[in-house]
Protein chains: 2
Amino acid sequence: MGERYLKSVRLLAECLQGFERFVAEPVRRHGLTHPQFDIIATLGNTPGMTYKELGERTLITKGTLTGVIDRLEQKGLVERARNCDDKRSFLVRLTADGESLFRNVFPAVVAHGKQLFADYGDGDFEQLDHALRRLRTRLDAPGLVTPGGHVPADEG
Amino acid sequence: MGERYLKSVRLLAECLQGFERFVAEPVRRHGLTHPQFDIIATLGNTPGMTYKELGERTLITKGTLTGVIDRLEQKGLVERARNCDDKRSFLVRLTADGESLFRNVFPAVVAHGKQLFADYGDGDFEQLDHALRRLRTRLDAPGLVTPGGHVPADEG
DNA sequence: TATTGTTATACTCTATAACTATA
DNA sequence: TATAGTTATAGAGTATAACAATA
């Protein structure tokens, strides 16, 4: 109603929600939630990552992250390792089981999701990515005004 | 890693999450969660809607929907009205307060989010929508195979 | 003093399945 | 029998703020 962009955002939401629903089955089949899977996927093929890094990549705040990591640790999929450089922080990394899950589940989920893009050519991906990157750039941009009239940076 | 489409999906997620975060402030400022706001926005400018319709539009399952509607009803923003045609169902509709909230909050949130698209022209929206619509079409398409090798329709 | 991660609180969403009342 | 919505259960994510250890 009114604003042109709302249609686009709804489309965006429908696409992502639809994709996540589509992919939820194989994820949950392995006892993972979306955030948990996101963590596993993010940690895969890395030597580990601090909470801060993980939080930035997955957009999960630190308080929440502790809980998510806790559950993954209980399942034996990740472990905390002391960070020698800075003893305040840990490196979170996949255990052997986590690695194995990553290698088994991740490709399965990926292959499953791939069906949605079966008829995509390079040009199609380019178009999609181009349009999305443009939007993301705006999201990263400074100078956006919050409802109170402040810029976000003023509020931390 | 490996699959081309993952990059696009991550972009998609970053865009939507980023947008929702950006817009979360004004939404929460009015005591609403995202699903709640989604309901209010969906009901706005309509004579009301059944649970089924609401669920389809917002992708919230019926069990969850009851809770969301309950909370909105407690806040006095929506009400249930008997559906004369089919006494099993209700129409959910905005109360006067809900209407007023819709008229006040919705435009504010919309205006806030609009900043992200400040430099978008018609062509830019076209491109974005085109790319997204294409993906959504695939999500609606039948014949997608689930991990077990079934088509979804077989599993109900 | 600032930062990293933890803990505690309280709420909301979610999936699932059994249940009721209508159809 | 099937459908619309409710209830119950159990788990998970979220924001927030106070906190400990380290920088």
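Everything numeric here is computed off the predicted structure, so don't read it as measured data. Convention: sequence-line order gives letters A, B, ...; per-chain numbering from 1.
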Taking the minimum atom-to-atom distance to the side chain of [X], which one of [options] wins?
{"X": "B/T64", "options": "C/dT14, D/dA23, C/dT22", "result": "C/dT14"}
{"X": "B/T66", "options": "C/dT22, D/dT7, C/dG5", "result": "D/dT7"}
{"X": "A/R28", "options": "C/dT16, D/dG5, C/dT22", "result": "C/dT16"}
{"X": "A/D86", "options": "D/dA2, C/dA15, D/dA23", "result": "D/dA23"}
{"X": "B/K62", "options": "D/dA12, D/dA4, D/dA15", "result": "D/dA4"}
{"X": "B/T61", "options": "C/dT22, C/dA15, C/dT14", "result": "C/dA15"}
{"X": "B/T33", "options": "C/dC13, D/dT6, D/dT22", "result": "C/dC13"}
{"X": "A/R71", "options": "C/dG5, D/dA12, D/dG5", "result": "D/dA12"}

Check whether more than 12 heavy atoms from other residues, nucleotides or ligands sit under 6.0 Å from atom CZ of A/R57, and answer yes or no.
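It does not: A/R57 CZ has 12 such atoms or fewer within range.
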Counting only heavy atoms not in B/R134 (residues, nucleotides, ligands), do more than 12 fall under 6.0 Å from its CZ?
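For B/R134, atom CZ is crowded (more than 12 foreign heavy atoms under 6.0 Å).
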With a 4.0 Å limit, can you tell me whether [X] has a side-chain N or O closer than that to the phosphate oxygens OP1/OP2 of [N]?
{"X": "A/K52", "N": "C/dT4", "result": "yes"}
{"X": "B/R80", "N": "D/dT6", "result": "yes"}
{"X": "B/Y51", "N": "D/dT3", "result": "no"}

Verify, without hydrogens or angle tests, whether B/T137 (side chain) and B/R133 (backbone) share a donor-acceptor contact under 3.5 angstrom.
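Yes, the answer is positive, given that a donor and an acceptor are paired below the 3.5 Å cut-off.
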Short question: side chain of B/R138, backbone of A/F117 - any donor-acceptor pair under 3.5 Å?
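Not at all, since once roles are kept as given, no pair shorter than 3.5 Å links the two residues.
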As a quick check of understanding, evaluate side-chain contact (heavy atoms from CB on, under 4.5 Å) for B/L135 and B/L12, giving each step before the final call.
CA-CA 11 Å; B/L135 175 53; B/L12 203 63; 4.0 Å; yes
In whole angstrom, give the distance that lies between atom [atom1] of [X] and atom [atom2] of [N].
{"X": "A/E53", "N": "C/dG5", "atom1": "CD", "atom2": "C1'", "answer": "15 Å"}
{"X": "B/E20", "N": "C/dT12", "atom1": "CD", "atom2": "P", "answer": "18 Å"}
{"X": "B/H34", "N": "D/dA15", "atom1": "NE2", "atom2": "C1'", "answer": "13 Å"}

Nearest-nucleotide wise, let me know which of A/I60 and B/D70 is further upstream toward the 5' end of DNA chain D.
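So the residue in question is B/D70.
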Most 5' of A/V68 and A/D85 on DNA chain D, judged by nearest nucleotide:
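Residue closer to the 5' terminus by nearest nucleotide: A/V68.
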Is A/G67 touching bases, backbone alone, or none of the nucleic acid, heavy atoms closer than 4.0 Å?
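It contacts nothing in the nucleic acid.
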